[in-house]
Amino acid sequence: PAKTRPTSSGLNCQSWRLSVETRNFIDSKLVPKECAAYVRVYMQGTQYRRDCDMVADIAIQYAKTVKVGGDGKDIWVLDIDETALSNLPFYSRPEIAFGAKPYNWTTLGMWMKTGKAPAIPSVLRLYKELIAMRYKIVFMTGQPEIYKVTKISNLKNVGYTTWENIIFKSASDRGTPTKIFKSKKRKELEAQGYRIIGNVGDQWGDLMGDSTGKRTFKMPNPMYTVG
């Protein structure tokens with residue numbers, strides 16, 4: 001089972017994960033080495049799936065309370081990595097250790113270019129429910145446009161077959177923090193007349209700033225944080 005008692009250093013990994021998810025740790029760069037095994041069990045076990053399912057269930061319940069307009073302007077914004085798609089096959093590698101060991105972005109980029117990231121089942125279920133309710137979907141990621149072709153193919157291959165728009169960072173956005181970039185793009189969507197009903201992401205940077213939407217939904221991710 002995942003370790004819940006304090007480690008030899010006095011760190012309780014379950015409490016550490018809660019602090020990450022509630023953004024009490026803002027500059028957490030690596031998973032503490034004492035908690036690598038705990039994160040492995042959490043991510044590969046049933047609790048992560050149950051936590052994702054609960055987020056999806058709450059989002060679906062909320063979506064059903066909104067009367068969708070007939071003008072096609074009611075949208076849900078979905079993040080891609082660790083929200084719609086899972087990079088767990090990459091993070092589970094021994095040299096990455098679920099975020100407990102440093103890695104370079106070149107290696108991550110090589111993995112993403114394979115286009116083999118599986119869907120997170122609960123988010124795919126949420127996506128299908130939203131489509132059935134006649135919401136429009138906008139995918140928004142902090143990843144650069146060099147991954148656009150691969151990500152689109154990956155999304156379609158695992159079941160995300162239609163959307164209103166998909167937004168990546170352009171060359172001019174390079175270096176812009178996720179929170180600022182996504183705030184800017186959401187404001188642009190609203191300026192085009194869209195109403196952001198829901199906003200789903202695994203990072204607080206996905207869900208903070210301007211034009212966040214009527215409701216935000218945080219997916220669990222103790223492996224890394226992005227500002």
Mind checking whether I75 and L189 have side chains closer than 4.5 Å, heavy atoms only? yes
Go through the steps for R50 and Q47 under the test side chain to side chain contact (heavy atoms under 4.5 Å, CB included), then give the verdict. CA-CA 5 Å; R50 288 172 179 168; Q47 191 59 54; 4.2 Å; yes
Could you walk me through whether S211 and E190 satisfy the side chain to side chain donor-acceptor pair (under 3.5 Å) test, starting with their C-alpha distance in whole Å, then the side-chain angles of each, then the deciding distance to 0.1 Å, before giving a yes or no? CA-CA 8 Å; S211 304; E190 289 188 334; 2.7 Å; yes
Does L11 reach the side chain of C35, with side-chain heavy atoms less than 4.5 Å apart? yes
Return the orientation label for the F217 and Y62 ring planes: parallel under 30°, perpendicular over 60°, tilted otherwise. tilted
What is the distance from atom CZ of R49 to atom CG of D53, rounded to the nearest 0.5 Å? 9.0 Å
Salt-bridge criterion met for E95 and K101 (N-O under 4.0 Å): no
Quick one: name the residues clustered hydrophobically with W204, using the 4.5 Å side-chain heavy-atom rule over I, L, V, M, F, W, Y, and just say none if it's on its own. L207, M208
Does M219 share a hydrophobic cluster with I196, counting links as ILVMFWY side-chain heavy atoms below 4.5 Å and allowing steps through other members? no
For the student: nearest non-hydrogen atoms of R186 and D206, plus distance: NH1-O, 3.0 Å
Does some side-chain heavy atom of Q44 sit less than 4.5 Å from a side-chain heavy atom of S92? yes
Atom pair NZ (K116) and CG (N87), whose distance is rounded to the nearest 0.5 Å: 14.0 Å
Output a table of donor-acceptor pairs, distance under 3.5 Å, between side-chain atoms of residues 128-144 and any protein atom two or more places apart or on a different chain; print 'none' if there are none.
from	atom 1	to	atom 2	distance (Å)
Y135	OH	A63	O	2.7
T141	OG1	Q143	N	3.0

Between R125 and D57, does any NZ, NE, NH1 or NH2 come within less than 4.0 Å of an OD or OE carboxylate oxygen? yes
Rounded to the nearest 0.5 Å, the NZ atom of K179 sits from the CG atom of D210 at a distance of 8.5 Å
Identify whether the distance between the nearest side-chain nitrogen and carboxylate oxygen of D74 and K67 falls below 4.0 Å. no
Distance-minimising heavy-atom pair for D51 and P220: CB-CG, 4.0 Å
Hydrophobic cluster membership, with links at side-chain heavy-atom distances under 4.5 Å among I/L/V/M/F/W/Y: are I60 and V77 in one? no
Worked check of side chain to side chain contact (heavy atoms under 4.5 Å, CB included) between V200 and L126: CA-CA 10 Å; V200 187; L126 168 62; 4.1 Å; yes
K218 and N221: which non-hydrogen atoms are nearest, and at how many Å? NZ-N, 4.2 Å
CD1 of I197 to NZ of K73: how many Å apart, nearest 0.5 Å? 13.0 Å
Is it true that, when you exclude K185 itself, more than 12 heavy atoms of the residues, nucleotides or ligands shown sit nearer than 6.0 Å to its NZ? yes
Under 3.5 Å, is there a donor-acceptor pair between the D173 and S170 side chains? yes
Do D79 and Q203 get their side chains close enough for a donor-acceptor pair, meaning under 3.5 Å? no
Determine whether F181 and W105 fall in the same hydrophobic cluster, where Ile, Leu, Val, Met, Phe, Trp and Tyr are linked whenever their side-chain heavy atoms lie under 4.5 Å apart. no
What closest approach, in Å, do Y160 and A119 show between heavy atoms, and which atom pair accounts for it? CE1-CB, 3.9 Å
Co-membership, hydrophobic cluster, residues F98 and F25, 4.5 Å side-chain: yes
Evaluate Y42 against Q14 for side chain to side chain donor-acceptor pair (under 3.5 Å), listing each step before the verdict. CA-CA 10 Å; Y42 172 73; Q14 195 170 38; over 6 Å; no
Check step by step if side chain to side chain contact (heavy atoms under 4.5 Å, CB included) holds for M112 and L108. CA-CA 6 Å; M112 289 195 292; L108 176 59; 4.2 Å; yes
Any donor-acceptor pair under 3.5 Å linking the side chain of N154 with the backbone of T150? no
Please tabulate, for the side chains in residues 161-168, all donor-acceptor contacts under 3.5 angstrom to protein atoms that are two or more places apart in sequence or on a different chain.
from	atom 1	to	atom 2	distance (Å)
E164	OE2	Y194	OH	2.7

For the CE atom of M43 and the CZ atom of R17, what is their distance to the nearest 0.5 Å? 10.0 Å
Are V55 and I58 connected into the same hydrophobic cluster when the rule is that any two of I, L, V, M, F, W, Y join if their side-chain heavy atoms are below 4.5 Å apart? yes
Evaluate the side-chain proximity of T65 to Q61: yes if any heavy-atom separation is below 4.5 Å, no if none is. no
So do the side chains of L88 and E82 get within less than 4.5 Å of each other, counting heavy atoms only? no
Do you know the tightest heavy-atom contact between W111 and S86? CZ2-O, 4.5 Å
From the options Y91, Y103, F90, select the one residue that forms a ring pair (Phe, Tyr, Trp, His ring centres under 6.0 Å) with Y224. Y91
Find the distance between NZ (K148) and CD1 (I152) and round it off to the nearest 0.5 Å. 5.5 Å
For residues P118 and P89, determine if any side-chain heavy atom of one lies less than 4.5 Å from a side-chain heavy atom of the other. yes
Assess whether side chain to side chain contact (heavy atoms under 4.5 Å, CB included) is satisfied between V39 and Y48, documenting all intermediate values. CA-CA 10 Å; V39 173; Y48 172 68; over 6 Å; no
What closest approach, in Å, do P177 and K169 show between heavy atoms, and which atom pair accounts for it? C-NZ, 4.5 Å
